[in-house]
Q: 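Let me begin by handing over the structure; questions about it come next.
Throughout, residue positions are numbered sequentially from 1 according to the sequence presented.
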Amino acid sequence: SRRCRARVEPSASCALLPCRLLCGAVFHLCKEEEHLLLCPNVRVPCLNAQYGCPVQLPRSSRAAHLQVCPASVVCCSMEWLRWPVDDTNPNNFNAMQDNMMKERETHGEALDVAMALVDQSDLYARLKMKPLYPELMEQEEEEDIKEESREEVAVGGVQDQNPIGPEGLTSCIMSESHAAEETAQSVAQPPVINMEKYNLFEMMFSMERGACAVAQENLENPKQKQKPADKGRSQKGPAGQRQDKSSPRSCPPPDTSKTGLAPWQEGVLERLGQELTPQEYNMYVVHHGRMLLAFGQIEACTSREKDFVYGSLEPIPVQTLHSFKVPVSYRYKRRVHLNETAARVQTEHRSVDTSDLGAGEDDWFGDEAEETLLGYAEMAVMGHKISETKGADGLYVDFGTQTHSFRTAPFKRRTTLADVMVDRPLKLLLQLQAETVNSRNNRASCAFTFLCGHTFHRREFATHFRNVHSDIQMCLSEWFEQQCPLAYLGCTYRQRRFHPSTQKATVTYNQQLRCFNLRPDVLPSLDGKAGDGEDRLSSLPYEVLCHMASFLDSQSLSQLALVSRLMRQVCSSLLQDRGMVTLRWERTSSSHGRVWEFSHLFSAVDSWNMADIPPISAHLKVCPYYQKTEQKERVALPFLTEKQQKSP
């Protein structure tokens, strides 16, 4: 109470005083330490301090700080599918893709081609050769297998611990080594018998052993009926107690062989049938079937009238069908129309040899990339490998055999497709059109799923998803970037139809950063360079450069920091306000595994405008793949009478 007027005594009560940080609270002196735990004006670290935020702020401002906290980051989880090209599809764009790969250095790369090449390099690094070609792998040595198992144990230990830093990484590896040592010691020790479980098992099986002993005794000594002995008279003893007297022979126990419910007692099934329900009766017979059979309660062999006659039984010979079916699951299937008049190739039956095929030595070996992509596509679509052994029923099994011949075989145990295609010429083997993921083909079950994976500040994520994924990526083909209608013949002409409404800029794709960016259309006179190539921008004062850099977006700042040391210092001054801090799980000697960086977000685009370019029909006039067909002969129109034809 603020009106407390108790006398100040050292052992009974203490004085009242207000908060030193001027929050308005009044309390006794003994409650000052407890008040500091709740005072809104006390400066405390940010809620994301363990993730790298260095800000110290009042406790009342922590909620508002989360909107601009550099450690409040979000990882984009946008996924898409990109299937390999199908050579059997007559409507594919293989000719156009081959021409664009040849002209990529002279005319530049299209947006979809650049994205497809990045996805292909990522896919090559993930596809391993061992699951598809186990017969083409080198023999594994025991030392290599032990090293791989040790690495897996170490990695698993790191993933189970909380992300703290390099110190936590070292402690995780040490804990895993101690666990491995304890496991080795436990394996070396002899096994210890659990007496509790042993006694439980002995009690469970002692009943059956006792029943077998009683059955053996009954077979050796038949039952003999004995008369019940006379009951002894009771007298009172000298101490006032009743004493029972009987004959010199001991009194036999009462005969319960015809009244009990034990499996060895006579007539137990008849009594159970009267006392129990049919369900309980069946459960009793099933549980004690062996004992009832041993004591003769049920018959082991029934009469012929009760037997079920199966008839004449003969053994069926087991037959195995060796067949090979061409995989058609991933191949393009043409629709057969009723009015299809396409001419078919004339074929004939002829016995040929390998030399008659005209195949050279280069045709003996297959392409590792094409066959590997086809094999993984079969696994993603059909759920099994090509030519996999499959059992039709209990008697028939289909054995599929397919051999592979590669120049780079045999492969090592950890070889990926990227290791095989290092020195090969670049060739695009993925489709340009991306698809959305579904419940069947996702990142957990399909190898052809790709993830954005870029990290952004929480306030930047909405802009990134709207501009990059919704506006550009999902509307890229035939809308954001229009191609020639004769692209299926090989034409590589393309034009970009949209640009931001606030500025003249061109959308490009950076393959090193794997992100889209905006390149403004700047006049040559404003490029910041003198006629002799001198950099005039670096000659400006440091304060002016910092002010100019504050107007740039995050992606431009990240690229400007790579120009020179001066520009790196200019961009570093904006890290606290514009940058973000993330955890980097690498062995570093500084920063405790935390990295300050700028995100890959370009300037926000609220709306797009149509570019001032000619229509695509203007290109058809000069397109080299557009061939005109002129008809000079007269063609009779339908429904013309003879009189109309003869009339002038």
Q: For Arg594 and Val581, work out which heavy atoms get closest and say how close.
A: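 Heavy atoms of Arg594 and Val581 come nearest at CB-CG2, 4.0 Å.
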
Q: Should the ring pair Phe551 and His547 be called parallel, tilted or perpendicular, given that the plane angle runs from 0 to 90° and is split at 30 and 60?
A: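 The arrangement is perpendicular - the two ring planes meet at more than 60°.
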
Q: Between Tyr124 and Val420 (side chain of the first, backbone of the second, donor and acceptor by atom type, cut-off under 3.5 Å), is there such a pair?
A: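 Checked: no pair found.
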
Q: Are the side chain of Ser501 and the backbone of Ser607 linked by a donor-acceptor contact shorter than 3.5 Å?
A: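 Pair found, side chain donor or acceptor close to backbone of Ser607.
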
Q: Do Leu426 and Met101 have side-chain heavy atoms sitting under 4.5 Å apart?
A: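 The answer is yes; the side chains approach within 4.5 Å.
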
Q: Please tell me if the side chains of Phe93 and Gln483 come closer than 4.5 Å, counting only heavy atoms from C-beta onward.
A: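 They are in contact (side-chain heavy atoms under 4.5 Å apart), so the answer is yes.
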
Q: Test side chain to side chain contact (heavy atoms under 4.5 Å, CB included) on Val118 and Phe450 and set out the steps.
A: CA-CA 10 Å; Val118 171; Phe450 303 93; over 6 Å; no

Q: Could you check if a side-chain atom of Leu601 sits within less than 4.5 angstrom of a side-chain atom of Asp553, using non-hydrogen atoms only?
A: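 Result no, sub-4.5 Å side-chain heavy-atom pair not found.
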
Q: Which class fits the ring pair Phe406 and Tyr133: parallel under 30°, tilted 30 to 60°, perpendicular over 60°?
A: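 It falls in the perpendicular class, over 60°.
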
Q: Report yes if some heavy atom in the side chain of Met78 is under 4.5 Å from a heavy atom in the side chain of His464; otherwise report no.
A: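 No - every pair of side-chain heavy atoms lies 4.5 Å or more apart.
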
Q: Short question: side chain of Asp577, backbone of Leu574 - any donor-acceptor pair under 3.5 Å?
A: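 Looks like no, no N/O pair under 3.5 Å.
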
Q: Can you see which heavy atom on Cys76 is nearest to which on Leu451, and at what distance?
A: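 That closest heavy-atom pairing would be O-CD1, 4.0 Å.
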
Q: Could you tell me the separation between the CG atom of Leu566 and the CG atom of Leu560, rounded to the nearest 0.5 Å?
A: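 Rounded to the nearest 0.5 Å, the CG-CG separation comes to 9.0 Å.
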
Q: Does the side chain of Met548 reach to within under 4.5 Å of the side chain of Leu537, using non-hydrogen atoms?
A: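 Yes. Closest side-chain heavy atoms under 4.5 Å.
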
Q: With a 4.5 Å cut-off on side-chain heavy atoms, are Thr506 and His499 touching?
A: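 No; the side chains remain at least 4.5 Å from each other.
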
Q: Hey, is CH2 on Trp596 packed in by over 12 heavy atoms from elsewhere, all under 6.0 Å?
A: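 Correct, the count exceeds 12.
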
Q: Say whether, by atom type as modelled, one donor and one acceptor occur between the side chain of Arg578 and the main chain of Ser550 under 3.5 angstrom.
A: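 Checked: pair present.
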
Q: Nearest 0.5 angstrom please: Gln559 CD to Met567 CE, how far?
A: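 If I round to the nearest 0.5 Å, the distance is 14.0 Å.
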
Q: Between His600 and Arg514, does the side chain to side chain contact (heavy atoms under 4.5 Å, CB included) criterion hold? Intermediate values first, please.
A: CA-CA 9 Å; His600 296 156; Arg514 301 188 176 188; over 6 Å; no

Q: Is it the case that the side chain of Ser445 and the backbone of Arg440 share a donor-acceptor pair, with hydrogens and angles ignored and the cut-off at 3.5 Å?
A: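 Looks like yes, one N/O pair under 3.5 Å.
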
Q: Provide the full list of salt bridge (charged side-chain N to carboxylate O under 4.0 Å, His left out) pairs with a residue in residues 451-475, sequence neighbours left out, each pair given once.
A: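 Checked against salt bridge (charged side-chain N to carboxylate O under 4.0 Å, His left out) - neighbours excluded - the pairs reaching residues 451-475 are Arg466-Asp606.
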
Q: Assess the residue pair Met379 and Lys385 against the criterion (side chain to side chain contact (heavy atoms under 4.5 Å, CB included)); give the C-alpha distance rounded to whole Å, side-chain angles, the decisive distance to 0.1 Å, and a yes or no.
A: CA-CA 5 Å; Met379 295 175 60; Lys385 298 180 182 179; 4.2 Å; yes

Q: Cys484 vs Thr492, test: side chain to side chain contact (heavy atoms under 4.5 Å, CB included). Steps then yes/no.
A: CA-CA 7 Å; Cys484 177; Thr492 59; over 6 Å; no

Q: Looking at Leu81 and Thr436, what are the two nearest heavy atoms and their distance?
A: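 Looking at all heavy atoms of both residues, the shortest contact is CD1-O, 3.7 Å.
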
Q: Counting distance only, does the side-chain N/O of Asn441 pair as donor-acceptor with the main-chain N or O of Cys446 below 3.5 Å?
A: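 The answer is no, because no donor-acceptor pair under 3.5 Å joins these two groups.
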
Q: If I compare all heavy atoms of Glu79 with all of Val437, which pair ends up nearest, and what's the gap?
A: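 Taking Glu79 first and Val437 second, the nearest heavy atoms are CB-CG1, 3.8 Å.
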
Q: Can you classify the ring geometry of Trp608 versus Phe480 as parallel (below 30°), tilted (30 to 60°) or perpendicular (above 60°)?
A: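 Geometry flag for Phe480 against Trp608: perpendicular rings.
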
Q: Is Tyr626 close to Lys621 at the side-chain level, that is, under 4.5 Å between some pair of heavy atoms?
A: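 No, their side chains stay 4.5 Å or more apart.
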
Q: Over 60° means perpendicular and under 30° means parallel, so classify the ring planes of Phe516 and Tyr509, tilted if in between.
A: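 Taking Phe516 first and then Tyr509, their aromatic rings stand perpendicular (interplane angle over 60°).
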
Q: Could you pull out the closest heavy-atom pair between Ala95 and Leu489, with the gap in Å?
A: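 Here Ala95 and Leu489 meet closest at CB-O, 4.0 Å.
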
Q: Could you tell me how the ring of His619 sits relative to the ring of Tyr493: parallel (under 30°), tilted (30 to 60°) or perpendicular (over 60°)?
A: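 Plane angle under 30°, so parallel.
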
Q: Can you tell me if Arg519 uses its side chain to pair, donor with acceptor, with the backbone of Ala505 under 3.5 Å?
A: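 It does not hold such a pair.
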
Q: Nearest 0.5 Å, what's the OG1-CZ distance between Thr582 and Phe456?
A: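 Interatomic distance, Thr582 OG1 to Phe456 CZ, rounded to 0.5 Å: 12.5 Å.
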
Q: Mind checking the CD1-CD spacing from Ile616 to Glu478? Nearest 0.5 Å is all I need.
A: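 Rounded to the nearest 0.5 Å, the CD1-CD separation comes out at 8.5 Å.
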
Q: To the nearest 0.5 angstrom, please state how far the OG atom of Ser72 sits from the OH atom of Tyr51.
A: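 It comes to 11.0 Å.
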
Q: List the atom of Ala549, the atom of Leu557, and the distance in Å for their closest heavy-atom pair.
A: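 Taking every non-hydrogen atom into account, O-CD2, 3.4 Å.
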
Q: So does Glu135 have more than 12 non-hydrogen atoms from other groups sitting under 6.0 Å from CD?
A: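 Atom CD in Glu135 is packed in, count exceeds 12.
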
Q: Backbone N or O of Lys427 within a donor-acceptor pair of the Gln120 side chain at under 3.5 Å?
A: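 Indeed, once roles are kept as given, a pair shorter than 3.5 Å links the two residues.
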
Q: Would you give the length of the straight line joining atom OG of Ser538 to atom CZ of Arg565, rounded to the nearest 0.5 angstrom?
A: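 The OG atom of Ser538 sits 13.5 Å away from the CZ atom of Arg565.
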
Q: Quick one: do Arg494 and Asp112 make a salt bridge, cutoff under 4.0 Å?
A: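 Salt bridge flag = yes for Asp112 with Arg494.
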
Q: When you compare the side chain of Gln503 with that of Leu518, does any pair of heavy atoms fall below 4.5 Å?
A: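 In contact.
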
Q: Could you tell me whether Arg496 and Glu481 have a side-chain N and a carboxylate O separated by less than 4.0 Å?
A: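 The answer is yes: the pair qualifies as a salt bridge.
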
Q: Looking at Thr449, is its backbone amide N or carbonyl O close enough to the side chain of Arg443 to form a donor-acceptor pair, meaning the two atoms are under 3.5 Å apart?
A: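 Yes; judged by distance alone, with no hydrogens or angles, the pair exists.
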
